[in-house]
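Single-structure report; data block below.
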Protein chains: 2
Amino acid sequence: MFAQRISTLSSSIIREILAAAQQPGVISFAGGLPAADSFPEPNWSALPPQIKQYGMSEGEPELREAIAAAAREKGLQCEASQVLVISGSQQGLDLVAKLFLDPDSPVLVESPTYLAALQCFRLFQARCVGVPMGETGPDLAQMDAAIRTQTPRFSYLIPSFQNPSGLCYSVAARQAVAALLDRYQLPLLEDEPYCELDYDGVPKPPICSLLKSAPWIYQGSFSKILMPGIRVGYLIAHPSLMPHLVRLKQAADLHTNRPGQWLALEYMRSADKAARLAKLQDFYRLRRDAFAKALAEQFADLADWQVPSGGLFVWLKLKRPMDTRPLLKQALANQVAFMPGEAFFADDEPPVGYLRLNFSHTPPELVEEGLRRLRQVFEEAYAAQAVTA
Amino acid sequence: MFAQRISTLSSSIIREILAAAQQPGVISFAGGLPAADSFPEPNWSALPPQIKQYGMSEGEPELREAIAAAAREKGLQCEASQVLVISGSQQGLDLVAKLFLDPDSPVLVESPTYLAALQCFRLFQARCVGVPMGETGPDLAQMDAAIRTQTPRFSYLIPSFQNPSGLCYSVAARQAVAALLDRYQLPLLEDEPYCELDYDGVPKPPICSLLKSAPWIYQGSFSKILMPGIRVGYLIAHPSLMPHLVRLKQAADLHTNRPGQWLALEYMRSADKAARLAKLQDFYRLRRDAFAKALAEQFADLADWQVPSGGLFVWLKLKRPMDTRPLLKQALANQVAFMPGEAFFADDEPPVGYLRLNFSHTPPELVEEGLRRLRQVFEEAYAAQAVTA
């Protein structure tokens, strides 16, 4: 009775975790929510009356201009005509999946990668092919081999402060990846929702800006730098892809909500935009640093990690690997929540022993207590293993 | 390189017509825009701060309650847990297509039907099977035969003041259709964006409320009764379908924008909601009546039509059928726009000689002049035919 794709809609672990993590008393490192304290107070009353009417599928012309100008400052040569405003960057995944994916189409992803992207591509019955990551970017030999042997329809990369790993590709890695994609003419979807959440001033030219001939789509969001409740993101695409993406957008929801687009435009135009971003970076840098300090105190003997230079997450690798999924129940019983790492891998049998911790949402004064609770869960699990063994 | 579905994305006649119709001086009966004068002035400054954060995929709990309560008043027994807030009712078409359609799946549609629904279902590579409409509803014998021989995955009906035809099913037709769907257990997507735009007080129980066992999805929108720029609609689904639809929504765009949802809730809660709707109906009734009068003066000898009891459109059938698509160019040259009817049929070789005229957007003082210009186009076309013949 249902479409075949519905069989891929397994129960969503994320939804269940986030629901459980919202119980009172639970200190949650599970979600990816930006801190509510960071949101500005918009001047809603200045909303122009024309935004009440239907708008253009491509988005508001002035907002498209502003997005293109900001992208050019990042080094991405583009025009406003290449910008499509979307209902949050999640919608970009849906549109690009529609553009490229037939049932059984391979798609190249990072390993690990953004869980909701895996879910979206699987919904289009794609076969997600994961490329292992090193400390500065993808394993290029394995990426090359995957492209040659699997002939993916497109590649999906999150080069800056990735969710879940926090990894930021080096400039050399970006150049090497661009050369590889050009060699195979493999289209790139570069997803950069965390790009602006840079706490250490890392150089990070868009890979799309380094491509010479491969088709590309660069994607960004206002959810992390402004507010997520308005559901406004954007993609910028190679001119050859734009007409299709605009029609796919139109079929999906006609156009993005205009009050949200207007708020995004106000943000882009604000005279103190740079100062606001610096303040946001300061806010999150303090949280990152406090979290890193508490983590070093609580988990140095249990796990390895790199303190990320941006984004919202720390990615822990257990020194003694164990499947972290069964531990979630104990963690919630212990009033703390984390995100098991296994779900972020494309593999049917994912590697075990990883967890993702969000450092942006929990107030610093609760972090130490939360990590202490989490440590206890792991200590008890290892003790139980020792008894069993 | 692209997915197979992309080959179905032909150039959109609607987009081209609407762009041309916006040229200064053109009197446009082509679009389906609600009148901007009808939009209220929202109290944006009362927006609560929590709407800035990510929200629930299902929608705001209070809005879901209000939507369910209003649906129960229409006779549709449902709970808030069956309501999914969506990014305009266009998104409902995308989600329901994802739920039911594999490549080559048949889907039962009205003939004619909403053009953007045809485009959406075709994007999912469906085969749209059209059922001819009579004066009070579908041809039941042909509908029965289509279900038996084509075994569609679901049926898509717009029973109240349909776009493009303006048709409103009689109560008897609604009952007969419900019995037919029950007999075959054929799921129904009932799309009711125009339901509230009722100028003559027509009884119109939802077909979903008359079903005894067939699965159903009822869909509505705030675009016509409040404002379309906020992109807020809703669907109400049989409990067996909800878990899938929620996950499909989450994969599509996480959740609907919250400022828009808040505005919709304010509307639903407003003490003067009934009075506001009555005022809106008065506004459109005047436009409908003025249009009907001018149409009778200009087109009585050229076409047949029924004055619709609601909605936004009059559907003309030419007494001497000719393909109206080639006439659009002359019409635009003559500073008037209409929508050729051929595009609204599922058939590869659609019937010719129909046109859709919008009566809601053009101010009454321009209607007579617009219809005079349009009449001239048809007169010239017939004269040219006579010369050729």
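Just so we're clear, the structure is a prediction, and the values are computed from it rather than from any experiment. Hydrogens, waters and symmetry mates are skipped; everything else that's a heavy atom, side chains included, is used. Naming: A, B, ... by sequence-line order, numbering from 1 per chain.
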- Item | Partner set under side chain to side chain contact (heavy atoms under 4.5 Å, CB included) for A/Asp104, not counting sequence neighbours | none
Between [X] and chain B, which part of the residue has a heavy atom less than 4.5 Å away: side chain, backbone, both or neither?
X	value
A/Phe154	neither
A/Pro40	backbone
A/Thr256	backbone
A/Pro187	side chain

- Query: Can you tell which of B/Lys98, B/Glu41, B/Gln50 has the highest number of heavy-atom pairs within less than 4.5 Å of chain A?
  - Reply: B/Lys98
Given 3.5 Å as the limit, does a donor-acceptor pair link the side chain of [X] with the main chain of [Y], or not?
X	Y	value
A/Lys52	B/Ser38	no
B/Gln53	A/Pro34	yes
B/Arg5	A/Asp102	no

- Closest non-hydrogen atoms of A/Ala3 and B/Phe100, given as atom of the first, atom of the second and distance, are CB-C, 3.6 Å
- Item | Closest heavy-atom pair and its distance - A/Cys120, B/Ala251 | SG-O, 4.4 Å
- Identify which part of B/Ser105 has an atom lying under 4.5 Å from any heavy atom of chain A, answering side chain, backbone, both or neither. neither
- Item | B/Asp94 versus chain A, the contacting section by heavy-atom distance below 4.5 Å | side chain
- Message: At a heavy-atom distance under 4.5 Å, which candidate from A/Ser87, A/Pro259, A/Gly88 has the highest pair count against chain B?
- Response: A/Pro259
